[in-house]
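No experiment lies behind these values; they were computed from the predicted model shown. Reckoned from all heavy atoms, side chains included, excluding hydrogens, waters and symmetry mates.
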Amino acid sequence: MLSIQSLVIYGLALVIPAAYLSFRLFSKPPSAAVPAENTEKPLKSIMQPPRQDLAPPKDDPFTTEQLKAYDGTDSSKPIYVAIKGTIFDVSHKVDVYGPGRSYNIFAGKDGSRGLGMSSLKPEDAVADYSVLDEKDTKVLDDWYKFFSDRYNIVGRVVDGPSANM
C-alpha cells in the first residue's frame, strides 16, 4: 500500500507538468495581446540607420594638431572623429561625441586603436592601430564602415600612422 507521502509525490509529478502544459497551450502569447496606447515618445537609438544624404567625400588635409581643435569644446566648430586617418564630421551626434559624452574620448583625434579594441580608455584612443590582432582589426574595419555610411568624410590626417599605410 502506498503511503500518503508517496501519493503526494506522484500527484505533484502529474499536476506540475499538466499545469505547465495547460498554461502554455491556453495562454495568449505576448504578441497577441492588445497593446496599450503609447503616449510616450519612442526611445531614440544611437545606432542610427545609414544615411542617404551624405555629401561627396572631401580630401582636405589636417595635421594631428589641427584636428584637436574639433573636439567639441568650441561650439562654433564641428566635431570630427578620425578612423584610420579618415576624418568624419560627427557634429549632428553631439549627444554622443560632445564634451562629457560617452564617445567624446574620440573627438578631435584619430582613436583607431581604441575603437578596434572597443576601449574607452584615454591611453587606447590613439591613431596607431598596427598592434591590433585580427579580431580587433575586424572590429575597427566594422567601425570604419559604420562611420562611412552615417557621417560625412571631411578630410584626412596627413601626419598620423595611417598616412604611411
For Phe106, all residues meeting ring-ring contact (aromatic ring centres under 6.0 Å, His included), sequence neighbours excluded
none
Looking only at heavy atoms, the pair that brings Gly160 and Thr64 closest together is N-OG1, 4.4 Å
Value for CD1 (Ile105) from OG (Ser119), rounded to nearest 0.5 Å, stands at 8.5 Å
Quick check: do Val90 and Val96 have side-chain heavy atoms less than 4.5 Å from each other?
no
Quick test of your reading: applying salt bridge (Lys or Arg N to Asp or Glu O under 4.0 Å), list the pairs with at least one residue in residues 106-121, sequence neighbours left out, ordered by first then second residue.
Arg113-Asp128
Rounded to the nearest 0.5 Å, the CG atom of Asp136 sits from the OG atom of Ser112 at a distance of 12.5 Å
When every non-hydrogen atom of Pro50 is compared with those of Arg150, the smallest separation belongs to CD-NH2, 3.4 Å
When clusters are formed by joining ILVMFWY residues with side-chain heavy atoms under 4.5 Å apart, either directly or through shared neighbours, do Phe146 and Leu115 land in the same one?
yes
Can you list the steps and then say if Arg101 with Val94 is a side chain to side chain contact (heavy atoms under 4.5 Å, CB included)?
CA-CA 8 Å; Arg101 300 303 184 168; Val94 69; over 6 Å; no
Less than 4.5 Å apart, any side-chain heavy atom of Asp95 and any of Lys93?
yes
For Ile79, does its backbone N or O pair with a side-chain atom of Ser91 as donor and acceptor, under 3.5 Å?
yes
Hey, what's the ring geometry for Tyr151 with Tyr97, parallel, tilted or perpendicular (30° and 60° as the breaks)?
perpendicular
Using side-chain heavy atoms (C-beta onward) and a distance below 4.5 Å, is Leu140 in contact with Thr137?
no
Shortest non-hydrogen contact from Asp71 toward Thr73:
OD1-OG1, 2.7 Å
Would you confirm whether the ring centroid of Tyr144 sits within less than 6.0 angstrom of the ring centroid of Phe88?
yes
Evaluate the side chain to side chain donor-acceptor pair (under 3.5 Å) criterion for residues Thr63 and Asp159: first the C-alpha distance (whole Å), next the side-chain angles of each, then the deciding distance (0.1 Å), finally the verdict.
CA-CA 6 Å; Thr63 65; Asp159 62 347; 4.8 Å; no
Basic-acidic side-chain contact under 4.0 Å: Asp149, Lys145:
yes
Look at the side-chain heavy atoms of Ile, Leu, Val, Met, Phe, Trp and Tyr, link any pair under 4.5 Å apart, and say whether Tyr103 and Ile153 land in one connected group.
yes
Sort and list the pairs that fulfil salt bridge (Lys or Arg N to Asp or Glu O under 4.0 Å) and have at least one residue in residues 52-63, not counting sequence neighbours.
Arg51-Asp53, Asp59-Arg156
Look at the side-chain heavy atoms of Ile, Leu, Val, Met, Phe, Trp and Tyr, link any pair under 4.5 Å apart, and say whether Val81 and Leu120 land in one connected group.
yes
Is there a donor-acceptor contact under 3.5 Å from the side chain of Asp89 to the main chain of Asn152?
no
